[in-house]
Amino acid sequence: MGGPLRAGDILKHATEHQLTTYLLPLIRGERACCFSLTEADAGSDVRSMTTTATPDGDGYRLTGHKVFSSAGPFADFAIVVARAAGPENSFSAFLVDLDSPGCSVVEGATPMSGEHIESDIILTDCHVPAANLLGEEGQGLKIALGRVTNNRLLHCPTAIGAARRALQLTRDRALTRNAAGGRPLMELQSVQHKLADMATDLYAARSMTYAALVALDRGADVRAEAFMCKLFVAESVFRTLDQAVQIHGKDGLTQGNEIEYLFRKMRMFRVLTGTSEIQRNGIARSLVTLA
């Protein structure tokens, strides 16, 4: 399913009905959910979204097209963020049953990892009852971006695990593979230095992520730390996988090899949940706020 939904930050906005009907069954593994924020022309700039929510009697009518809804192929419902119809620049979040009339789940683009876990969510005058408004009207982006802050931090351990696995496989490769001339790769100082850098990046990434997660568990505001962890982990893990491919040589370029797969998957992490450039923007804003 592309990893857990990481819905913990959503719980504080839910009503008793929403907890009972949607979120607690999700936590128990009885239902599946996807998060639908991104649109084709509204990725990093989420305020450019065109999906609209129009009040309609005892609910709302949603119309729009969401993309990259991870776990969409298996989900029972989606958390959808839409702008208010009309000139008001306001956004709200809704719990949308994916079998509702006017809601279609279609096959999405296949990412470079090759995993078929993405869907497009197409809404055409889809009625959503008022009881499914998550939080209050106008809180949609606050709810969504609060969840994204935690999400980008909670993605980091997955990437760190990939780096640890790559380091293990590459160390084993260097110990058992001979270079030109018959010497083990590990005897080459250039390979030793690559492995040393990989291990150092792994230690730094793990340490800063653990520190940020401790702060999150204590209830601290970790927006700046989440930006920093996502940036450093994404970039350092990609460096690690790039070096792993280099040391594995032809095998590291071959589909079906674990290193090749990890390289493709971790390349995506520099874009998913916000590009590295977006993380740097967030870090810079936090520095201005502190000043």
Side-chain angles (χ1 to χ4, degrees), residues 2-3 6 8-9 35-49 66-68 70 81 89 91 109 111-113 118 140-164 166-167 194 197-246 262-291:
R6 305 171 182 92
D9 191 68
F35 184 73
S36 297
L37 176 66
T38 303
E39 298 181 8
D41 296 317
S44 297
D45 182 16
V46 295
R47 294 180 182 276
S48 296
M49 73 175 66
K66 298 293 186 179
V67 300
F68 282 114
S70 297
V81 180
N89 194 27
F91 302 84
M112 65 190 297
S113 68
E118 308 293 343
L141 279 187
K142 177 183 177 182
I143 292 171
L145 296 179
R147 183 243 176 213
V148 169
T149 291
N150 288 1
N151 195 39
R152 62 170 55 103
L153 180 56
L154 294 173
H155 266 298
C156 289
T158 300
I160 290 167
R164 183 176 63 183
L167 176 60
K194 283 181 170 61
D197 288 342
M198 292 163 70
T200 302
D201 272 344
L202 174 60
Y203 178 74
R206 184 171 55 203
S207 297
M208 68 188 300
T209 299
Y210 283 5
L213 290 171
V214 168
L216 177 64
D217 280 346
R218 290 175 177 166
D221 182 348
V222 295
R223 279 175 291 181
E225 289 86 346
F227 282 129
M228 293 177 187
C229 288
K230 171 59 170 60
L231 172 64
F232 185 81
V233 170
E235 295 297 327
S236 65
V237 170
F238 177 74
R239 287 194 300 269
T240 291
L241 265 298
D242 189 51
Q243 295 290 21
V245 169
Q246 197 73 13
L262 289 173
F263 177 83
R264 286 187 284 114
K265 190 172 179 68
M266 288 304 103
R267 179 58 184 87
M268 291 170 55
F269 192 52
R270 297 173 68 203
V271 176
L272 300 178
T273 67
T275 64
S276 291
E277 291 73 21
I278 289 295
Q279 311 310 311
R280 291 185 175 98
N281 289 347
I283 294 166
R285 285 197 302 272
S286 72
L287 295 175
V288 172
T289 301
L290 289 174

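These values consider heavy atoms only, across backbone and side chains, with no hydrogens, waters or symmetry-generated copies.
- Across all non-hydrogen atoms, the minimal contact from L241 to A163 is CD2-CA, 4.4 Å.
- Taking both residues in full, the closest heavy atoms of V67 and A40 are given as CG2-N, 3.7 Å, listed atom of the first, atom of the second, then distance.
- Two residues are said to be in side-chain contact when any heavy atoms from C-beta on lie closer than 4.5 Å; Y203 and R206 meet this criterion.
- A donor-acceptor pair under 3.5 Å is absent between the side-chain atoms of E39 and the main chain of K66, judged by distance alone.
- Heavy-atom contacts from other residues, nucleotides or ligands closer than 6.0 Å to CZ of F263 number more than 12.
- Side-chain contact between E118 and P111 is present, with heavy atoms from C-beta onward closer than 4.5 Å.
- Without hydrogens or angle criteria, K230 side chain to L272 main chain gives a donor-acceptor distance under 3.5 Å.
- Residues A166 and A244 come closest through the heavy atom pair CB-CB, 4.3 Å.
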* Given M198 and L202, is the side chain to side chain contact (heavy atoms under 4.5 Å, CB included) satisfied, shown in steps? -> CA-CA 6 Å; M198 292 163 70; L202 174 60; over 6 Å; no
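- At a threshold of 4.5 Å between non-hydrogen side-chain atoms, the residues R47 and L141 count as touching.
- A donor-acceptor pair under 3.5 Å is formed between the side chain of Q279 and the backbone N or O of G274.
- Here the OH atom belonging to Y210 is positioned 6.5 Å from the CD1 atom belonging to I160, to the nearest 0.5 angstrom.
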* Would L154 and L213 count as a side chain to side chain contact (heavy atoms under 4.5 Å, CB included) if you check the C-alpha gap in whole Å, the side-chain angles of each, and the deciding distance to 0.1 Å? -> CA-CA 8 Å; L154 294 173; L213 290 171; 3.6 Å; yes
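- With rounding to the nearest 0.5 Å, the separation of CG in N151 from NE2 in H155 is 4.0 Å.
- Dense packing is recorded around CZ of R270, with more than 12 heavy atoms of other residues, nucleotides or ligands lying under 6.0 Å away.
- Taking CG of L262 as the reference point, atom OG of S113 lies at 11.0 Å (rounded to 0.5 Å).
- Of all non-hydrogen atoms in A144 and V81, the two that sit nearest each other are CB-CG2, 3.8 Å.
- E225 CD to T149 OG1: the interatomic distance, rounded to the nearest 0.5 Å, is 10.5 Å.
- Annotation: cation-pi pair R280/F227 absent, no NZ/CZ under 6.0 Å from the ring centroid and within 45° of its normal.
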* Asked: I278 and T275: side chain to side chain contact (heavy atoms under 4.5 Å, CB included), yes or no, with the steps?
  -> CA-CA 5 Å; I278 289 295; T275 64; 3.3 Å; yes
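- When side chains are defined from C-beta on, S48 does not count as touching D41, because their heavy atoms never get closer than 4.5 Å.
- At least one donor-acceptor pair closer than 3.5 Å links the side chain of R264 to the backbone N or O of M112.
- Side chains of T240 and D197 form no contact here, defined as non-hydrogen atoms less than 4.5 Å apart.
- Atoms CG and CE, on L153 and M208 in that order, are 9.5 Å from each other to the nearest 0.5 Å.
- Here the CG atom belonging to L231 is positioned 5.0 Å from the CD1 atom belonging to I283, to the nearest 0.5 angstrom.
- The two residues V222 and A212 make their nearest non-hydrogen contact at CG1-O, 3.9 Å.
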